[in-house]
A.B. asks: 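One structure coming up, written as structure tokens, with questions to follow.
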Amino acid sequence: MLIEEFKYESDLPRLKIHNVFRYPAKFHPPVAAKLISRFSRPGDAILDPFCGSGTLLVEAVRAGRTAFGGDVDPLAVFVSQAKTRRYDPEQLEIVLKEVLKVGETLSRGSVEHDRLMFHDIDDEGYAAQLAGLWVPAIPHLFHWFRRYVTVDLARLLHTIDKIADGEPGASAFLRLSFAAVIRNASNADPVPVSGLEVTSHMRRRDAAGRTIDVWALFRAKAGKVLESIRELEAARVDSATAEVVARDARLPYDGNAVQAVITSPPYQSAVDYYRRHQLEMFWLGLTGSQAERLALLPSYVGRANTPQSHPDALAEWRSSSSANEWLEEIGRVSERRARDFRAYFSAMTMAFASMDSALVPGGVAVVVVGRSRWSGVTIPTEGLFKELVPSTLRLREHLAYKVSNRTMSYTRHNGADINEEHVLVFERE
Ligand SMILES: C[S@@+](CC[C@H](N)C(=O)[O-])C[C@H]1O[C@@H](n2cnc3c(N)ncnc32)[C@H](O)[C@@H]1O
């Protein structure tokens, strides 16, 4: 089948809501919008089983589709829900003013910030300032946050929860804004998208003096989130709804039947979502303990360093002959990578079966996938995917486009270089 160029440019203005939360390997919004208009009709139901930060779901409600999203990552579910739910912007403006008013009395002045830049509060000061506030059980908390920043985040969260008590819309808006400043308030480097590290670059910045003003960060972010919510409220089709749930895309589908699945599965060994999202997950109470969080780890598809005991690495390998050839070739270079490869393609085989069962007869599954490059070798993931799908899914189109922006900068860190994306369109018999 000929690979056609996918032209996705559109005249629709880019919605600001796509930028409120930094999420790795997001859909390029015009791509999501074009796939929706090309492969579904108004009123159709669309499923994104790897919904991440909900780019597809946002564009779906804008285009008058019913959107269903699922992800194993609790932060992804929270962000997608918060971005796609309905709001009353006037109410949000009122609650935001209330929170910021409290902030005026609790935020620290510039003189204090100048001092704290080089001299954090001590244990005694920390205990006194925290005075009964809740702080999440993040392992090595003070590796990730300064003490005074921890206090300020705890005070801000306490204020948010008090003011938004019993108001789900206000709570979602304020907590989304809160979540979006956590990484910038931490000691971790906000730039790399692949994981979460306190880099030497950040250590140098901190040693040179860095002001971390949690309330100011929140004020700026919440203002932008509110503006983006107003914009989406005006742009979306009134009757269109989105429902997002925590769901493992490898498991049999138990939701509503849909006319289209449109999704971009995780890339193999590229982004460590589990590690990257730990701070936000703890602060939002999406995990209560490290043990609870750890229990989620085996469900993430596309991880590097898959343990030998992982069920996807042990699953009966019924893969295509070319997948077997790749497995052998990779195995000659590295057993560990061969295990990652095997686990990834086993998981994706299950995910395709699940997508198939979500579709009505004649429905389409549209899968966006990048090629992986390892040590100079390009793995034609899209070609392998074609061989993994159940026989009920027939390939209808194969499109491709260049990835032009640098949002994929994680590729430089792990040698997986992805500069082109493919769109496989399957039709259910
Ligand atoms: C490439 S990202 C999707 C990004 C999304 N299109 C967006 O615009 O934000 C892949 C997502 O798959 C999720 N994921 C990984 N394993 C999963 C699984 N077993 N079931 C469902 N989602 C999973 C990750 O948490 C991540 O959010």
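These values consider heavy atoms only, across backbone and side chains, with no hydrogens, waters or symmetry-generated copies. Start at 1 with the first residue, then count along the sequence. Here the structure is a predicted model, which is why all the values come from computation and not from measurement.
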A.B. asks: So that I can tick it off, tell me whether R210 and D206 are bridged by a salt bridge, with the cut-off set at under 4.0 angstrom between side-chain N and carboxylate O.
C.D. replies: yes
A.B. asks: Does a donor on one side chain sit under 3.5 Å from an acceptor on the other, for S40 and R65?
C.D. replies: yes
A.B. asks: Could you tell me how the ring of W134 sits relative to the ring of W283: parallel (under 30°), tilted (30 to 60°) or perpendicular (over 60°)?
C.D. replies: perpendicular
A.B. asks: May I ask you to check whether T381 and Q268 show a side-chain donor-acceptor distance below 3.5 Å?
C.D. replies: no
A.B. asks: Is there a side chain to side chain donor-acceptor pair (under 3.5 Å) between Q308 and H310 once you walk through the steps?
C.D. replies: CA-CA 6 Å; Q308 277 173 349; H310 193 289; over 6 Å; no
A.B. asks: Under the side-chain contact (heavy atoms from CB on, under 4.5 Å) criterion, do R155 and L133 qualify, and how do the steps go?
C.D. replies: CA-CA 7 Å; R155 285 175 172 167; L133 291 176; 3.5 Å; yes
A.B. asks: Does any part of the side chain of E9, heavy atoms only, come nearer than 4.5 Å to the side chain of P30, both counted from C-beta?
C.D. replies: no
A.B. asks: Once you measure the plane-to-plane angle for Y23 and F21, does it fall in the parallel (<30°), tilted (30-60°) or perpendicular (>60°) bin?
C.D. replies: tilted
A.B. asks: Please tell me whether H277 and D73 have a donor and an acceptor in their side chains that are separated by less than 3.5 angstrom.
C.D. replies: yes
A.B. asks: For the residue pair T199 and D189, confirm or rule out a side-chain donor-acceptor distance under 3.5 Å.
C.D. replies: yes
A.B. asks: So is R337 actually on top of F341's ring, under 6.0 Å and inside 45° of the axis?
C.D. replies: no
A.B. asks: H18 vs K83, test: side chain to side chain donor-acceptor pair (under 3.5 Å). Steps then yes/no.
C.D. replies: CA-CA 9 Å; H18 292 306; K83 279 164 69 173; 4.8 Å; no
A.B. asks: I want to check a possible cation-pi pair here: R293 against Y274, using under 6.0 Å from ring centre and within 45° of the ring axis as the test.
C.D. replies: yes
